[in-house]
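Accompanying notes for the structure given below.
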Amino acid sequence: MTRRAVVMGAALLVLAGCTASGGPRNPAVSSSRAPGPTVETFSTSVSGPWRAWTASLTRPEAHGSCGATAHQVVCATDTGALVGRSRADGRVTWTVPGDTHAKTAQLLVDAADARAVAGVAGVLRAADLRTGEQAWTRRLPAGRAYVALAATNGIVYALHAPDPFIRTGAVLDAVRASDGTPLWHRNVTWSTGEPLAAFRGRVYTADGVTRVTARDARTGATVATSPAAVECQHLVTGGHYPVCTGSPYSAGDVFPPMRRLDPATLKPLPTPRNTINKPVQGVISDDGVLVLYEAGAEDTSAGAWYAYDLVNDRRLWSTYATATDGVGVADGRFVTFTPVNDRATRDRVITIDLHAGPQGTGSTAPRLSPAYAQTRGGEHPALVVPGGDTGHVVVMARTHGSLRSLPLP
């Protein structure tokens, strides 16, 4: 068995040169020199429910990422701009211009603190979700980039590392969500692709080998670490459940046991089963249902989704065979796209009852949307699931940049 795992040493780099600054009173009017979408409207409140609509995306938006709250869609562009869109018709209601460029855009949409935060290259920029104004901006020294974001209880956590990443030097910053004031920073061990999670007053990082670390969200002090005997090549989180699996980057015939961790102590708890096939991607519902994609060790296209009840320690169902792109949880259902090789059902959104699975009947039976241009596999679609009881899901098509809001099947 070979394994691509990176172990980080403690970094001695102290974050320097970062500044926090307030934005202009009305950044909803873009400068003609700023990259990204240009809009001439002020932030506009929208009343009424979510509606079905389609909207074009600019090229920088299509190369970035999108998220949503119960009230609006927000996109981060690959230039570091933030764009707010109406839940009623998808039109742009505000924009905060960007001034950088990167191949990826980290996006955090924090409804509780009314902030959208984009981490693009070495720039962290926040917008006020209620007004559409720039809230604050922070900049890293040259040669560093933001790689993961999280938030809880009025604090934004931003993980950054040398660019390109060279095994060491990862740093976790905590800043106040309201104005970007720095609160603390810690050198951390981290592996490329590992998530940053924050819930219940703690923030969690993983080194991609064995160690998960929990820190106090207010102070950054370490409060728990996972036992050395618990191999944790990849951390999956959702709700308030941390779960260790094998690495999506591993190749071999045997993978570490899947282990649920106690969020307080990080000690292992009873877990439904060992991972037999290669664990690639997972999502966890608020009530503790893990839906995990498991694939052949050498061919990740040959795999399927399996569901596990973490609370009651049992497997719920298997399998639903489709790709790993575009998954989410909404209204007690697993949301994804249908397989591209199934002529009868392809190019659709499907929802599956988390407990009944693909074999559910009646009210728990799987539900299909109509086929749309945005849901075609060739569009490299992504799912955006708004918070709250919106009854809608948004599909982001990257090839021909567009958004489609559609009723949740």
Side-chain angles (χ1 to χ4, degrees), residues 21 23-24 26-44 53-69 71-87 89-111 114-129 131-140 144-149 151 156 158 160 163 180 325-326 374 379-386 394-405:
S21 61
N26 181 24
V29 180
S30 298
S31 164
S32 61
R33 293 174 295 176
T38 300
V39 61
E40 303 298 336
T41 59
F42 292 89
S43 174
T44 305
W53 46 262
T54 58
S56 297
L57 291 176
T58 63
R59 184 179 179 86
E61 285 177 285
H63 287 183
S65 58
C66 293
T69 71
H71 302 287
Q72 62 186 308
V73 177
V74 180
C75 295
T77 75
D78 64 355
T79 64
L82 285 159
V83 183
R85 291 178 176 270
S86 164
R87 69 172 181 256
D89 55 20
R91 68 185 178 90
V92 174
T93 56
W94 56 264
T95 179
V96 172
D99 58 3
T100 186
H101 188 272
K103 293 182 179 179
T104 60
Q106 304 293 327
L107 174 64
L108 167 71
V109 182
D110 181 11
R115 290 290 180 266
V117 182
V120 178
V123 179
L124 194 68
R125 180 173 286 107
D128 188 320
L129 292 175
T131 66
E133 295 183 350
Q134 180 169 295
W136 46 266
T137 301
R138 295 186 60 81
R139 296 178 185 275
L140 295 172
R144 298 187 68 82
Y146 288 102
V147 293
L149 303 175
V156 172
H160 55 89
D163 185 21
D325 295 335
Q374 288 78 11
E379 290 293 332
H380 300 288
L383 280 174
V384 178
V385 180
V394 178
V395 177
M396 177 187 182
R398 296 185 181 276
T399 303
H400 300 92
S402 65
L403 293 174
R404 178 180 286 271
S405 170

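Source: prediction; values computed, not measured.
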Taking every heavy atom of Leu129 against every heavy atom of Asp110, the minimum-distance pair comes out as CD1-O, 3.8 Å
With sequence neighbours excluded, what pairs up with Thr69 under the side-chain hydrogen bond (donor to acceptor under 3.5 Å, both in side chains) test?
none
Separation between CZ (Arg144) and CG (Asp163), nearest 0.5 Å, reads 10.0 Å
Assess whether side chain to side chain contact (heavy atoms under 4.5 Å, CB included) is satisfied between Cys66 and Val394, documenting all intermediate values.
CA-CA 9 Å; Cys66 293; Val394 178; over 6 Å; no
Residue pair Thr54 / Leu403, side-chain heavy-atom distance below 4.5 Å:
no
Go through it in stages, so that I can follow the logic: the residues are Arg85 and Leu57, the test is side chain to side chain contact (heavy atoms under 4.5 Å, CB included), and I'd like the CA-CA distance, side-chain angles, deciding distance and then a yes or no.
CA-CA 11 Å; Arg85 291 178 176 270; Leu57 291 176; 3.9 Å; yes
Of all the heavy-atom pairs spanning Ala126 and Arg115, show the shortest one and how long it is.
CB-CD, 4.4 Å
Looking only at heavy atoms, the pair that brings His160 and Leu140 closest together is CB-CD1, 3.6 Å
Among residues two or more places apart or on two chains, list those pairs meeting salt bridge (charged side-chain N to carboxylate O under 4.0 Å, His left out) that have a residue in residues 71-82.
none
Rounding to 0.5 Å, atoms OG1 (Thr79) and NE2 (His63) come to a distance of 11.5 Å
What are the two closest heavy atoms between Ala105 and Val120, and how far apart are they?
CB-CG2, 3.8 Å
Start with the C-alpha gap between Leu82 and Trp94, add the side-chain angles, then the distance that decides, and say whether side chain to side chain contact (heavy atoms under 4.5 Å, CB included) holds.
CA-CA 8 Å; Leu82 285 159; Trp94 56 264; 4.0 Å; yes
For His400, the side chain to side chain contact (heavy atoms under 4.5 Å, CB included) test, sequence neighbours excluded, returns Glu379
Kindly give the heavy-atom pair with the smallest separation between Trp53 and Ser86, and that separation in Å.
CZ2-O, 3.7 Å
Taking all atoms of both residues into account, what is the closest heavy-atom pair of Arg125 and Gly98, and its distance?
NH1-CA, 3.7 Å
Please check this pair: side chain of Arg398 against backbone of Gly64, looking for a donor-acceptor N/O pair closer than 3.5 Å.
yes
Apply side chain to side chain contact (heavy atoms under 4.5 Å, CB included) to Asp99 and Arg139, showing your working.
CA-CA 11 Å; Asp99 58 3; Arg139 296 178 185 275; 2.5 Å; yes
